[in-house]
Amino acid sequence: MNAKLLVPSALRPAARRVARAFRPVRHVAPLCGPDLRARVEVVRACPVGEAGRPFDVTLRVTNHSPLPVGPEGTHPVGVLARWSCATGAACDPCDGFAPLPRAVYPGESVTAVFRAPAPGYLGDYVATFALGQRGGPSFEAVGPAARFDVNVTHPFDAGFNYLDIYSKADLGRDHWSASGPPSAAEFERLKPIKLDLLKKLGLTPDGRLLDVGCGTGLLAAAAEAYLSDRGGYFGTDLAPEAVEFCRRTYRRPNFRFAVNGMTTVPAPDAAFDAVAFYSVFTHTYPDETALLLAEAARALAPGGVVFADVFTSPLVSRSAGSRYAVEVNRDHLLRLAALAGLSAEVVQALPWVGPATREFFAFRRK
Ligand SMILES: C[S@@+](CC[C@H](N)C(=O)[O-])C[C@H]1O[C@@H](n2cnc3c(N)ncnc32)[C@H](O)[C@@H]1O
């Protein structure tokens, strides 16, 4: 029997709408029109993501349009992920599309894990999720936009820890790579370069130098040939193996070495003309950096200078990264320095990864 005959003519438009809403999804062209509406809500997401690795987020998607939508057809419907930088800085686009797991009928919701690409660089980002079609118009959002703050850091398996590195190193055979340089030649090449930067900031042969994070003595070796007997060198490091190596290797009477804590330096007050943190703040988190800056300010003689290199990035609100490399926001670093009573001046800058820079700072008492 003809179905039309069963439905009174006045009810036929409504019946047509109901039939349309429940027919199988078969879009072969983009959906369009003012009726494309959906609500997307974040159910669960991790506030930390891994640079360049997929980011999983659990979303609830409710279809508020009069059509069923789904992953089928030439313009599959799914979740569009958009990333922007929380600091307002421009960042590389890495928008993604993840199709719905199944058809969603009008008024119906689906909750599923969607996988989005994550930005390639460390930073603080806002991820925004909306329903859309690959190659077609997006759906109008019903309710607030689904957004989530994500601190993007190094891949979680990039474990890095100096205490581990030195405890496993054979410093008698290779004393350079544990502290960074990939070869003995590079370790040698860097010695005069690192000392010269301090000389430019005013270190004289009679100067008293505190080298925090001295490693296996790259700067100690350069200072051994530069400082007079009136000057002095004090090297400290977290790693007892590095300190022991330095004690055995650099034996001038006015050269001393000691182990220091993560945020404490066993140095006397106001005893040093220069305090160096070479490639140390590149491995400490801002709270630790702030405490080490306060220690340096305490150990600094009047007119002295604190020197440190830091990775700064405009994509970072305060900090991002792991002990392998910590990137900070420059303004945040300057605020921390000010809290330690120090003013800061950038004396050199080199490119680092992506938009990040390796900046060399001279800090002085205000
Ligand atoms: C990249 S190496 C640089 C070594 C040396 N400053 C140089 O320029 O060759 C970093 C060193 O800092 C040390 N370090 C890391 N955090 C530290 C901290 N909170 N206090 C003292 N040393 C630290 C590590 O053990 C390591 O020896």
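In what follows, every heavy atom counts, from backbone to side chain, and hydrogens, waters and symmetry copies are set aside. Order of listing sets the numbers, starting from 1, for every ligand and every atom in it.
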Exercise. If you round to the nearest 0.5 Å, how far is CH2 of Trp176 from CG of Leu190?
Worked result: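 The CH2 atom of Trp176 is 13.5 Å from CG of Leu190, to the nearest 0.5 Å.
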For this session: Find the distance between CZ (Arg208) and CZ (Arg230) and round it off to the nearest 0.5 Å.
Result: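 The CZ atom of Arg230 is 12.5 Å from CZ of Arg208, to the nearest 0.5 Å.
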[X] and ligand 1 - part of the residue with a heavy-atom distance under 4.0 Å:
X: Leu190; answer: neither
X: His283; answer: side chain
X: Tyr166; answer: side chain
X: Leu218; answer: side chain
X: Asn260; answer: side chain
X: Tyr278; answer: both
X: Glu288; answer: neither

Exercise. Going by the order shown, which atoms of ligand 1 are within less than 4.0 Å of some heavy atom of Leu292?
Worked result: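 Answer, ordered by atom number: 19 (N).
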Exercise. Gly215 heavy atoms, cut-off 4.0 Å: which ligand 1 atoms fall inside?
Worked result: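 Counting atoms of ligand 1 from 1, those under 4.0 Å from Gly215 are 27 (O).
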Exercise. In terms of residue, atom name and distance, what is the protein heavy atom nearest to atom 7 (C) of ligand 1?
Worked result: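 Of the protein heavy atoms, Lys194 NZ, 3.6 Å lies nearest.
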For this session: Run the contact test for Ser179 against ligand 1 with a 4.0 Å cut-off on heavy atoms, strictly below, and give the result.
Result: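 Distance cut 4.0 Å: Ser179 passes for ligand 1.
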For this session: May I ask whether Leu219 places a heavy atom under 4.0 Å from ligand 1?
Result: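 No heavy atom of Leu219 comes that close to ligand 1.
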For this session: Answer yes or no: is there a side-chain heavy-atom contact under 4.5 Å between Thr263 and Glu295?
Result: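 No, their side chains stay 4.5 Å or more apart.
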For this session: May I ask you to check whether Ser228 and Asp206 show a side-chain donor-acceptor distance below 3.5 Å?
Result: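 Side chains of Ser228 and Asp206: pair found under 3.5 Å.
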Exercise. Do Thr357 and Thr312 have side-chain N/O donor and acceptor atoms under 3.5 Å apart?
Worked result: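 Note: Thr357 and Thr312 side chains miss the donor-acceptor criterion.
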Exercise. Taking the inter-plane angle between the rings of Phe148 and Phe55 on a 0 to 90° scale, is it parallel (under 30°), tilted (30 to 60°) or perpendicular (over 60°)?
Worked result: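 Rings of Phe148 and Phe55: tilted, 30 to 60°.
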Exercise. Does any N/O atom on Cys214 come nearer than 3.5 Å to any N/O atom on ligand 1?
Worked result: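 So ligand 1 has no N or O lying under 3.5 Å from an N or O of Cys214.
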For this session: Using distance alone, determine whether Ser279 and ligand 1 share an N or O pair under 3.5 Å.
Result: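 Not met; the criterion fails.
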Exercise. If you measure from the Lys or Arg side-chain nitrogens to the Asp or Glu carboxylate oxygens, is any gap between Glu224 and Lys191 under 4.0 Å?
Worked result: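 Salt bridge absent between Glu224 and Lys191.
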Problem set entry | Sidechain-backbone polar pair: His154 side chain, Gly321 backbone, donor-acceptor under 3.5 Å |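 Not at all, since once roles are kept as given, no pair shorter than 3.5 Å links the two residues.
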